[in-house]
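Below: one structure, written as structure tokens.
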Amino acid sequence: MELIVTVLMFIGGGLLLNTRSRLSRTEHRLLLVENELRRRIAAEAQPVPRETPATPPPSQSAPEPAAPVPAAPLPPREVRVTVPVVAKAAPKPEPQAPAQVFHQQTPKPAPVKAGPAFNFEDLFGRKLPIWAGGITLAIAGVLIVKYAIDAGFFGRIFTPGVQAMCGVLFGLGLIGGAEWAWRKRDVVADPRVAQALSGAGISTLYAALLVAHSLYGLIGPMTAFAGLALVTGSALWLSLRHGMPSALLGLAGGLAAPALTMGLDANVPLLAAYLGFTIAGLAGVARMQRWPWLAMIALVGGAGWSLWLIIAGKAFAFIGALSVFGFVALLALLIPLFVFTDNSQRITRAISAIIGAAQLGLLVALGGFQPLHWALFALLASAGQFLAWREKELDLSIIPTTSAALSFILLMVWDAMSMATLLTIALVLAAIHAGPLLARLWQTPATLQRAVELSAIALSAPILTLRHVNYPDDAETTLASLGGAALVFASAALGWNCADRRNDKRFATLIATGGLLITAAIWCGLPDWQAPVGVMALACALLVFAPRTGDHRIEPVAASFGGLSVLMLLATTMPDRSMELAALFGDSANPFNTQSLLRWSGTALGAIVFALLAQTRAVRLGAQAAATLLTYGTLAQVLRPNALPLVAPLGLVALALHQRKAGVRPLLVPGALLLTLIAGWAFLPVMHWLDFATRSLGGVPMTLDRAELAPLALLRRLAAPALLIAGAWWLLRDKASRAVRIALVATGAVLGGIALHSFYRHGFAALIDADFVQYGLAQRLVWAAALLGSAALLHRRNATTASITLTTAAALHTAWYSLMLHNPLWSAQAVGALPLLNLLAPLFVLLPLCLLLLERTPGLSATIAARLKQPVLMAMVAGFTWATLRQAFHGSLLVTPGLSDAEDIARSLLGIALAIGFLLWGIRQKLHNWRIVSLVLMLAAVAKVFVLDAAGLQGLLRIASFVALGFSLIGIGWLYSRQLRNSPG
């Protein structure tokens with residue numbers, strides 16, 4: 001049956017889907033018909049124009065009507081009619097079709113793809129054959145020369161001289177043909193013919209001269225070199241007529257000619273002169289023909305030649321060095337200046353100058369730092385400075401910057417034999433680079449780069465001195481630092497009257513650099529323990545100087561040096577003062593140290609000066625923080641470790657008193673830091689206490705046996721700071737903001753609460769005993785009662801928040817520790833030997849009292865307490881009666897094993913009595929939940945009697961139990977019937 005139903009479902013589903021598809025297609029067709037009818041109706045409603053257009057001439061054929069295109073559907077019952085306007089003045093107006101609402105879109109021809117079309121005839125019939133012909137002629141010239149090499153009939157007829165001459169004549173003939181094609185260009189009608197012939201002729205001449213020199217030795221190296229140079233010049237001249245191919249051949253032949261003729265042992269001055277003229281010619285052609293790429297390639301080739309000459313050691317001698325210098329200067333400065341005139345190509349000029357400076361720097365390094373090489377390098381650096389000054393519109397400042405960087409690198413790697421020589425060259429290079437910067441530093445427009453470079457030059461002085469002077473002999477480094485500082489301070493002084501110096505960072509950069517150099521001098525010139533104080537004095541001087549400059553950047557610079565002095569204070573703790581930092585944490589046992597006191601007090605005094613004089617908010621707040629911590633550090637060097645935890649709390653009270661008496665704005669940063677220090681000292685005691693407290697949540701008793709939780713440690717780290725925080729709060733109760741008061745109260749409450757709890761446990765153990773089984777319940781109940789009593793007092797003084805907090809703490813403490821974890825009913829906790837006069841009543845009454853107090857406070861706590869009061873009260877009454885019954889039979893420890901028949905019967909009677917009592921109380925107070933609980937208790941008692949008691953009792957006891965249960969049930973039934981009859985709610 002299931003199979004049949006499944007098959008019918010599949011078949012029916014398919015039929016439904018097919019029916020839906022058919023209905024969709026039918027609706028679509030009806031819509032098309034409706035649109036077509038509307039279109040026709042709109043066309044018929046269109047009025048006929050008054051003037052009919054003239055018949056077009058016979059030459060013009062009437063346009064065929066366009067095929068109808070289905071129009072887009074329109075909303076129903078909407079037909080728009082457009083009346084065309086016909087101009088009367090038109091002699092032969094074009095016929096106008098009536099306007100329609102449903103615009104018909106006539107098909108447009110497919111767009112033709114724009115782009116270069118492949119033309120087979122143009123490529124293979126016009127372009128390629130000409131170039132192929134030129135290449136073929138060039139190959140033919142080479143083959144003629146090669147054929148002359150082979151022995152045979154032509155070898156006997158054509159001697160080597162004749163063969164070489166034939167090659168030269170053939171090349172000249174090709175060049176002559178190119179000249180004829182250029183002159184008859186109106187007949188030839190294609191410039192490629194002249195270009196091909198010219199390139200073939202130049203290649204043939206190069207090959208003929210090389211064969212005559214290298215193979216047959218018909219001409220000497222100089223003759224061959226001169227011939228190749230002449231061919232190169234001719235190629236450059238021909239490139240002006242015939243374009244790029246001749247120029248490329250001239251470039252390749254000109255750069256390769258020295259290697260192919262004179263070899264690698266060429267005369268350096270001659271080679272430099274030849275390459276210079278060749279590359280200059282190529283550069284001239286590049287400028288005339290507007291081929292900057294040709295000049296770039298020529299410069300790259302020339303740079304390769306100059307680099308080879310330097311690496312191969314050809315430029316170390318006097319004449320070679322001068323020749324290479326002239327060649328490098330030509331490539332680096334003159335040719336780029338002549339060719340690359342466009343502003344967009346300034347980067348090319350800069351790169352050329354940088355490469356030239358780098359090559360001369362390499363010459364200096366590889367040549368053994370000879371004075372001549374240094375002089376040539378300095379001369380090129382001066383030329384770079386002149387170029388940057390002359391072409392100031394192009395912004396070629398990268399050239400002197402690179403030159404200065406190279407100078408610094410060379411001076412760093414130079415192992416100078418004479419300090420006088422090193423100093424002389426360093427001063428010359430510094431003058432070359434710093435002089436122009438100093439001259440243009442305060443000119444308009446303002447350029448920060450000049451100030452940065454000048455600062456870098458000044459900073460390089462102590463660095464170079466440290467490199468070349470044996471440390472720790474710091475006299476030279478100190479002098480070099482002071483000299484650099486004098487340079488930058490003098491530069492800043494020159495701009496003192498500059499109108500726009502406050503608008504940029506030049507002045508501040510120079511002042512900051514000078515401060516760094518003075519710091520270096522202090523570091524090298526003074527003993528290390530005095531360095532922090534010296535730097536802080538410098539920072540204070542800059543702070544006092546800042547308002548006179550009118551530059552808002554100077555104060556942060558001064559603050560930076562103040563922070564640097566603090567870092568130096570921490571970094572210069574030498575082994576004999578290694579306990580300075582340990583003293584901050586109370587771990588130092590060393591005697592009083594004067595140097596430590598001077599270091600810390602001097603730095604702290606400087607921070608106080610910043611806090612008082614700083615105008616910038618960030619600097620002022622940072623100085624307040626530094627002054628607070630440094631003052632604490634100063635006191636840590638003097639006070640004993642036992643007194644150190646009280647420094648921060650006393651400082652907090654002093655701060656609050658100062659704010660209250662002076663009426664100044666609140667010092668939030670020092671206050672926050674002092675609270676942080678207090679928390680730091682309290683960290684270990686609090687962590688240990690939390691560790692014990694966390695363990696106690698799982699049932700492990702708290703022992704507080706750590707040294708940090710000893711009474712004296714608690715007094716110094718927790719109790720006394722909490723009292724002093726309370727004093728600070730009292731002083732600021734009407735002065736500070738709400739957030740500050742909350743922070744003080746929270747910190748003091750946490751520290752004071754932990755200290756009070758620890759003191760209580762220590763005192764209880766000392767006065768009574770630490771036995772957890774005998775006195776654990778009493779200890780907890782006294783603590784909870786103290787919390788609840790304090791909450792009641794606070795409630796009377798309208799301290800609602802504090803009252804709620806303490807009451808909640810008492811309730812949670814009692815509920816978890818005494819009623820859940822360590823309840824005497826299932827945990828070994830002594831309650832007392834006397835019946836009723838024991839700890840059970842306080843145990844089960846504390847939690848209802850907490851809820852009663854919470855119910856009297858306004859807010860959410862009262863609502864929650866009201867909802868919990870009745871269930872908690874029922875549970876406490878039941879627990880108290882049950883525990884009292886157990887105490888009556890077993891004494892102080894309720895968990896003592898054993899259950900007598902009398903106790904068992906008493907439990908049943910107790911359940912019945914509780915049920916009756918709950919019912920009567922519920923009836924009297926009109927509490928429905930009490931009545932429900934009474935029924936539950938009665939059912940439990942009945943189940944116990946019938947299931948347990950009846951099976952375990954015999955004789956009169958069984959009868960008595962049943963009689964008691966029967967009367968109880970009758971009484972409860974009567975009470976319920978009466979209650980429900982009188983008051984159904």
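It should be emphasised that the depicted structure is a prediction, and the values quoted were computed from it without experimental measurement. Heads up: numbering here begins at 1 and tracks the sequence.
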Problem set entry | Gap separating the CG atom of L380 from the CD atom of Q385, nearest 0.5 angstrom | 11.0 Å

For this session: Begin with the C-alpha distance, continue with both residues' side-chain angles, and end with the deciding distance and a verdict on salt bridge (charged side-chain N to carboxylate O under 4.0 Å, His left out) for R467 and D415.
Result: CA-CA 9 Å; R467 164 66 178 82; D415 291 329; 2.8 Å; yes

Problem set entry | Contact check, side chains of I425 and W414, non-hydrogen atoms, under 4.5 Å | yes

Exercise. Which heavy atom of L517 sits nearest a heavy atom of P462, and at what distance?
Worked result: CD2-CG, 3.7 Å

Exercise. Under the 3.5 angstrom rule, does the side chain of R553 hit a backbone N or O of R502 as a donor-acceptor pair?
Worked result: yes

Problem set entry | Over all atoms of both residues, closest heavy-atom pair of M568 and T519 | SD-CG2, 4.3 Å

Exercise. Do the side chain of S403 and the main chain of P400 share a donor and acceptor less than 3.5 angstrom apart?
Worked result: no

Exercise. Between F489 and I511, does a side chain to side chain contact (heavy atoms under 4.5 Å, CB included) hold up when you go through it step by step?
Worked result: CA-CA 7 Å; F489 283 146; I511 295 298; 4.1 Å; yes

Problem set entry | Gap separating the CD1 atom of I463 from the CZ atom of F408, nearest 0.5 angstrom | 4.5 Å

Problem set entry | Salt bridge present between D500 and R506 (N-O < 4.0 angstrom) | yes

Problem set entry | Check: T478 and I522 side chains under 4.5 Å, non-hydrogen atoms | no

Seminar exercise, completed: Heavy-atom nearest pair, A539 first then G562, reads CB-N, 3.5 Å

Exercise. Counting only N and O atoms by type, is there a donor-acceptor contact under 3.5 Å from the side chain of W442 to the main-chain atoms of W496?
Worked result: no

Problem set entry | Value rounded to 0.5 Å, distance of OG1 in T424 from CH2 in W374 | 12.0 Å

Exercise. Taking the side chain from H433 and the backbone from A381, do they hold a donor-acceptor pair closer than 3.5 Å?
Worked result: no

Problem set entry | Over all atoms of both residues, closest heavy-atom pair of T509 and S455 | CG2-OG, 3.8 Å

Problem set entry | Worked check of side chain to side chain contact (heavy atoms under 4.5 Å, CB included) between L437 and I457 | CA-CA 10 Å; L437 292 173; I457 293 173; 3.9 Å; yes

Exercise. Under the side chain to side chain contact (heavy atoms under 4.5 Å, CB included) criterion, do L429 and L410 qualify, and how do the steps go?
Worked result: CA-CA 11 Å; L429 292 175; L410 290 174; over 6 Å; no

Problem set entry | Chi angles and distances behind the side chain to side chain contact (heavy atoms under 4.5 Å, CB included) call for L543, I554 | CA-CA 7 Å; L543 177 67; I554 304 300; over 6 Å; no

For this session: Locate the shortest heavy-atom distance separating L459 from L516; write the atom from each residue and the value.
Result: CD2-CB, 4.4 Å

For this session: Indicate yes or no for a side-chain donor-acceptor contact from R450 to the backbone of A439 under 3.5 Å, with no hydrogens or angles considered.
Result: no

